[in-house]
Every structure is written in structure tokens, then in C-alpha cells.
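Worksheet: one structure, shown below.
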Protein chains: 2
Amino acid sequence: MTAPTPRHKRATIFDVAAEAGVSRGTVSRVLNGEPYVSAAAREAIEAAIAKVGYVRNTAARNLATQSSGAIALIVHEPDSVFIDDPNIGAILLGANAALSAADYQLVSLLIDDDRDSQRVTGYLGGGFVDGAIIVSAREGDPISQAIADLRLPAVMIGRPDNQSQLPWVGIDNRGAARRITERLVATGRRRVGMIAAGLDRDSGRDRLAGFRDALGASFDDTLVSRQPFYTYAAGVAGMAELLRAAPDIDGVFAASDAVAAGALEALRGAGRRVPADIGVVGFDDSTWALRAQPALSTVRQPAGQLGARAAELVLDQVRSGGRPADGALLATEVVWRDSA
Amino acid sequence: MTAPTPRHKRATIFDVAAEAGVSRGTVSRVLNGEPYVSAAAREAIEAAIAKVGYVRNTAARNLATQSSGAIALIVHEPDSVFIDDPNIGAILLGANAALSAADYQLVSLLIDDDRDSQRVTGYLGGGFVDGAIIVSAREGDPISQAIADLRLPAVMIGRPDNQSQLPWVGIDNRGAARRITERLVATGRRRVGMIAAGLDRDSGRDRLAGFRDALGASFDDTLVSRQPFYTYAAGVAGMAELLRAAPDIDGVFAASDAVAAGALEALRGAGRRVPADIGVVGFDDSTWALRAQPALSTVRQPAGQLGARAAELVLDQVRSGGRPADGALLATEVVWRDSA
DNA sequence: TTGTAAGCGTTATCAT
DNA sequence: ATGATAACGCTTACAA
């Protein structure tokens, strides 16, 4: 057992005031950049602050102001997916940049199991944050419910389920899926299938719907493989399934780039050439797209902007005390490379 | 402008006390699971809590207890690297699991620029967290300095620079690099080079040192390409450089899997077969390793355990008030696949 | 322009 | 076993 390092007693406003020979009120004013402080006082206080090494105690400040300068980013994913998904990283960065510009602190909270879920709920209710951004909520998510109960300003990324009244920002998954499928068909493919994934959330369902939109009457449900997650493994399995169901398949829309990469692997194993024998397209324009051989044609998702926009929307609510009417739908872009 | 939703005034201990007909002190005791409360009082209070919908105000609690049940995980990376690096995700998950088990809340703080750095420093000093885990600190990092000044319990992941006295956990980069290089040489390669990266941090330097250890007298500095980051692009550039400097090269140790994947790409472009003409090995056993064609032989890094171990070490400090003597070195494992 | 003092919601010490 | 009451460190009217 080591001797406990004596934790330095932190300087308070009181110490600063004493050092500068003014009252605590004046110190507070300087700290908050308020007007009506004499230059002399301000200087003395700034010197004192530096001298005693003062840093504000945010807990106390929060208690007094009934607010913290922080916004939560709640990520709710099964571990494996979280590690693989580059969009989450980009969203994080985008949100961080936007909040940082407004001098807010982003704190990301990870939900991995029920226990986490409970703790996070407590955290949110504890005055630690002024608002929240929720990534990839599932239907009937207890967190979304808790946030509604707390009346905490929040926005979701990705369209939430109907019950929830939270504003959201997202992309038009359905339209984008339709557009890229149409483009795939336009390259002359006759038997095009889809490896669908994440059907328990809006993005998954909408991408499938868009695929269906594009095919219209020629849609054939035996040509769609349904997989639980947006993973490489799902792509391998899905493609194998499709190859079995329809050996003459010549086009595939994979629900994400990771899935498409897996499909490529399965195709390679089956000896099919891409794009000569079969065209494949993905979704996300993640790092997978460029890593793949051949590089994937895909839909570019503005993940960074998604995060930034979400951040702005929470901030709006925080500042106005109200809820904005609606979320925003951000534009996507089809990027065409070598896989189709 | 929407009509501001009236933010429900939250119930306090006071309300609960009134409702239950007891004093605030007793309520507090129940909340903290302390002994010496009558069953009757406890029941009345629990009922009251449910009835008025009470949730603890953590800011107030922190102020009173001088502690928060939270630990920060500080990630300090340039954006692009952050998105690409699967180790960070795994570390996050490992730390979260360990903290969660101890009923601590993990909050991750991202540092993207100087402004972030400043804000995070304030956050840490503000009583928001009881301790911190720092990922990938660079030499002369202002955050590490701030943490030392604050005497905040902390541990770094990855060996820090000498000045810092913080405990750390890491892997034996040097030993692992030596082992995998030896193994590469054992496959019969005669001219083996290295694409080094991240030489501004310990991991990068140690991997190079290990490479050198393995080669001993036959080490040839013209066969090492030095790249700034652990990226795919670095691999492409580094391999091209090596091919130019030594056309007869037949083995390469890439400083990370991402770098190795880039090297594979360059090799493909140059018409060299892997592993027939040249063997390549990576480091990390990240998702890159399995995505690559052929799959990479590499060093498995126990990223999740790294996070978990770090979390335990901070918690130790938080609870004891002291600093543990030393950090831990976690074991790595060479995994041999098809690329060499 | 500055000082004073009353909160903010909990915990913790002392009596009782 | 429970009730008062003084911290905790800061903000913010209100006075001066």
C-alpha cells in the first residue's frame, strides 16, 4: 500500500478574491466576461488567478446555473459493429467540431448492455449534460424513452421509430438506394439481387424499400438475402446464399460497403469476376470502399455533416428551450468506381 | 419560433422528504444505502421517490462529495487516424466494460485541436471526473501536463515520454516486432526491409528498434522507409520507396496492418506476388489483416484488455488515493496467415 | 463599479 | 433511527 499522495487542495474563488483584494462577486464577473469591471480589478484578478492556479469547479457552477456546458453523444451498438463502423467515428468528429466551435464539451457515452443503459440514464438525469445526440437507436429503445421523460433537448441520427417525438437528422436512404440500384441496372444487368441488413432499423428497411422501388415489377424476393448486421461476414454469407438461389445473378446491391466487401470475397471464392461477370455496389463510401478489390461503386454518406448538423440542432433547443419543428435530411451522392 | 416547452421542474430530495414525511437526511441515507433507517421510513421514502419521479442531481452530489462517478477516456488523434484505427474502438469497449462493472461511467473526450485541448483541461479540472485514461499521448502533450498538475488519478495507454510520471499499460512493441521479424526471416527471406511509421511516439520507435534487434548485423538502414502515420497511404508510399531503393527486396515488416495493406497494394501494382516473390507482415491484427489479400501475418494486440487494465489501474488510484508503482505490459501473440 | 448574501441540491456531522 | 444544519464552490439579484 503506497502512501496516499496528498491531493492538493484546489484554489477557489475565495482564494482568488483574497489574493486580489476584491469580493467573490467581482471575481465571478471577470470569470464570466461580464461588463462593469474596472480594468484595475480585472488585472489584479487575472494575476491572482494565475498565481494561485485557480480552475473553476464545474460541478459548483452547474449547480448554480442549472446547466453544464456539455452535450452527450450516445452510441448504442453491439461491440463488433461499433469497431467496424467508420461512420460512427466520422459522426463523432463532426459533432465534436460543431460543439467545440460553440464552446461546448462533447462527452460520448457507450451503451453495451442493460447495465450501461441504466447508468447512462442516471447520468443524463444528473445534470451532467444539457442535451444529447443519439446514434443508431433501435425501436423501443429505453434511452430514447428516458430522454423524453427527462425532457432533455435531444436529436437522433437516423430516423427513429414512430412513437418517439424527437427531432432527427438523417439521409434519404430510400431515395439513395433507388438511385444506385437504377444505375446498376443501367449498366445492363438483368438479374439483380440485394444483400439486405439491419432490417431492425430504419436505414436497413429504407434501403431495401429503395431497391424495390428501383426494380418495380421486376422485383423478385428470392433475390434478396436478409442478414442481421452490416458486416463483412454478412456479405460473405449473403452472397453465397444468393449464388445458390440464383446462379445466373449478374448484379448485387449490398446494404453497406462492409457487406459488399464480404460479397466480393464470396464472389472471388466462387470464381466470378467483378465487374465482368457481376456488378456489385455498396453503401456508405466508407474506408471499405477503397480498400476493396475492385474499388466499390457506392453511396457517399455525409457522416461528418450528420454529426455537425445534429449538434447544431441540440444547441438550438438548448438555447431556445423549445424543440425545432423537424430534423434535416442531408444529401447523398452516388460515387461510381470499378465494381460495377 | 416555437413555444418553449416548459422544462419540468425536477423533484428534489426536499420534495421526497415532504412527501414521505421525513427529513432530508433520512432520504439521503436511503439513497446511499446506508444502515440505520427503519423499514417503515425506507418504504415510505421509496414510494415517495417513485411518486414524485425523483432523480438525483449529480452536480449537487459531486459538489458535496467532491467526486463524480465518472472516468474520462481521452483520445488524442488526428481525425483520419482516429476513424481508421480499430484499436481505439476496442480499447474503448474494454475500458467501458471494466468501469461499468465497478459502476463507473466512462466519458470519452476527443481532442482534435488546441481549442479542444483547452476545453478538456477545464473539464478535467472541473470535478466532472475522478480519473482519466489517456490514449496515444504524444511527447510534450499539454493534457498529460495538466493532469499531473491537477494530481488527477490517471493512466496512459502506451508508454509515455520520460518526463511524465504517470503509470501506464502497454504492450512490448519492441519484443513483438523482433519476434515477428525473426519469423519472417525464418521463412528464408534474405533482403528484408521495414516500413516504419509513427516515429514520434513510443510504439513507432519501439517497433523499429525490435526490427533492428532481429536483424542484428545484417540490418541495413537503406531498407527502412520512414512514414509519418500508421496509414494505408503510408504503406503505398513506403513500399514504392523500398522497391526503388532495393528492387531485390523479398521481405517487409510494416509497422501496422493498415500500412501493410497499403504495401500490398503497391506490390500488386508493381506486379510482385505475395508471398511467392515477397513476404509481408503487419502489426495489430486489426480488421485490415483479414480484409487484405492475402490475409496478413501479424501481431495480435490485446486492445480490449489494454482498455480494461487501464480502467482497473485508475480505479485503484481513485480508491486508494495513491499511485500504483508501475503499469503493466500485456502479452502479444504472433498470428501467422498467408502473406508471409 | 463593487460588495453582500441568498440560493443551487446533496452530503455529513451532531445532537437528540 | 432521525432531524437540524453547516458545508461544497459558484452565480446573481440587490444594495451601495
Side-chain angles (χ1 to χ4, degrees), chain A residues 7-46 48-49 52-70 122-128 130 150, chain B residues 7-46 48-49 52-70 122-128 130 150:
Chain A
R7 184 85 168 276
H8 214 62
K9 193 174 170 8
R10 223 110 92 198
T12 73
I13 270 204
F14 205 94
D15 302 319
V16 175
E19 178 70 33
V22 299
S23 78
R24 316 212 284 290
T26 306
V27 174
S28 178
R29 261 160 243 149
V30 169
L31 252 24
N32 296 310
E34 281 170 22
Y36 300 113
V37 253
S38 66
R42 166 162 284 122
E43 272 171 38
I45 290 171
E46 277 163 359
I49 287 178
V52 304
Y54 169 79
V55 318
R56 242 206 200 96
N57 178 320
T58 320
R61 178 175 218 252
N62 291 352
L63 184 56
T65 59
Q66 301 285 65
S67 81
S68 69
Y123 189 86
L124 295 177
F128 266 116
D130 298 343
L150 288 167
Chain B
R7 182 86 169 278
H8 214 61
K9 192 174 171 7
R10 223 112 90 197
T12 73
I13 271 204
F14 205 94
D15 303 319
V16 175
E19 178 70 34
V22 298
S23 78
R24 318 212 282 295
T26 306
V27 175
S28 178
R29 262 161 246 152
V30 170
L31 252 25
N32 296 310
E34 282 170 23
Y36 301 114
V37 256
S38 65
R42 168 164 283 121
E43 272 171 37
I45 290 170
E46 277 163 358
I49 287 179
V52 304
Y54 169 80
V55 318
R56 244 206 199 95
N57 178 319
T58 321
R61 178 173 219 252
N62 291 352
L63 183 56
T65 59
Q66 302 286 61
S67 81
S68 69
Y123 190 87
L124 296 176
F128 267 116
D130 298 342
L150 287 166

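Just so we're on the same page: letters track the sequence lines, and every chain starts at 1. Note that the structure is a prediction, hence the values are computed from the model and not measured.
Between the two ends of the helix from C:dT1-D:dA16 to C:dT16-D:dA1, each summarised by a five-pair axis, the helix axis turns through 40° (rounded to 10 degrees).
The CD-P distance, from B:Glu43 to D:dA1, rounds to 15 Å in whole Å. Atom CD1 in A:Ile45 sits about 11 Å away from atom C1' in C:dT1, given to the nearest Å. For the pair B:Phe14 CZ and C:dG9 C1', the computed distance is 11 Å after rounding to whole Å. To the nearest angstrom, C1' of D:dC8 lies 13 Å from CD1 of A:Ile13. Counting to the nearest Å, the C1' atom of C:dA12 and the CG atom of B:Leu31 are 14 Å from each other.
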TODO: Would you please test B:Ile13 and B:Val16 for side chain to side chain contact (heavy atoms under 4.5 Å, CB included) and show each step?
DONE: CA-CA 5 Å; B:Ile13 271 204; B:Val16 175; 5.5 Å; no
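Residues forming a ring-ring contact (aromatic ring centres under 6.0 Å, His included) with A:Tyr123 (at least two apart in sequence, or on another chain): A:Phe128. Partners of A:Ala44 under the side-chain contact (heavy atoms from CB on, under 4.5 Å) rule, at least two apart in sequence or in another chain, are A:Ala20.
Residues A:Ala48 and A:Glu19 approach most closely at CB-CG, 3.5 Å, considering heavy atoms. Here the shortest heavy-atom pairing between A:Ala59 and B:Asn62 reads CB-CB, 3.8 Å.
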Under 3.5 Å between N/O atoms: give me all the protein pairs with nucleotides 2-6 of chain D, atom names plus distance.
unit_1	atom_1	unit_2	atom_2	d
D:dT2	OP1	B:Ser38	OG	2.5
D:dT2	OP2	B:Ser38	N	2.7
D:dT2	OP2	B:Ser38	OG	3.4
D:dG3	OP2	B:Ser23	N	2.8
D:dG3	OP2	B:Ser23	OG	3.1
D:dG3	OP2	B:Thr26	OG1	2.8
D:dG3	N7	B:Arg29	NH2	3.3
D:dG3	O6	B:Arg29	NH2	3.1

Exercise answer: donor-acceptor pairs, residues 25-33 of chain A side-chain atoms, under 3.5 Å, sequence neighbours excluded:
unit_1	atom_1	unit_2	atom_2	d
A:Thr26	OG1	A:Ser23	OG	3.4
A:Ser28	OG	A:Asn32	ND2	3.4
A:Asn32	OD1	A:Arg56	NH2	2.5
A:Asn32	OD1	A:Arg61	NH2	2.7
A:Asn32	ND2	A:Ser28	O	3.0

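Between A:Leu63 and A:Glu34, it is A:Leu63 whose nearest contact on DNA chain D lies nearer the 5' terminus.
Closest approach to the A:Arg61 side chain among D:dG9, D:dT11, C:dG9 is made by D:dT11 (side chain taken as heavy atoms from C-beta onward).
Put simply, A:Gln66 has a side-chain N or O that comes within less than 4.0 Å of OP1 or OP2 on C:dG9. A close approach under 4.0 Å does not occur between any side-chain nitrogen or oxygen of A:Thr65 and OP1 or OP2 of D:dT11.
Within 4.0 Å of B:Val55, counting heavy atoms only, lie sugar-phosphate atoms of the nucleic acid but no base atom. Counting non-hydrogen atoms under 4.0 angstrom, A:Asn32 reaches the backbone sugars and phosphates but no base.
Distance CG/A:Asn57 to OG1/A:Thr12: 9.5 Å, rounded to 0.5 Å.
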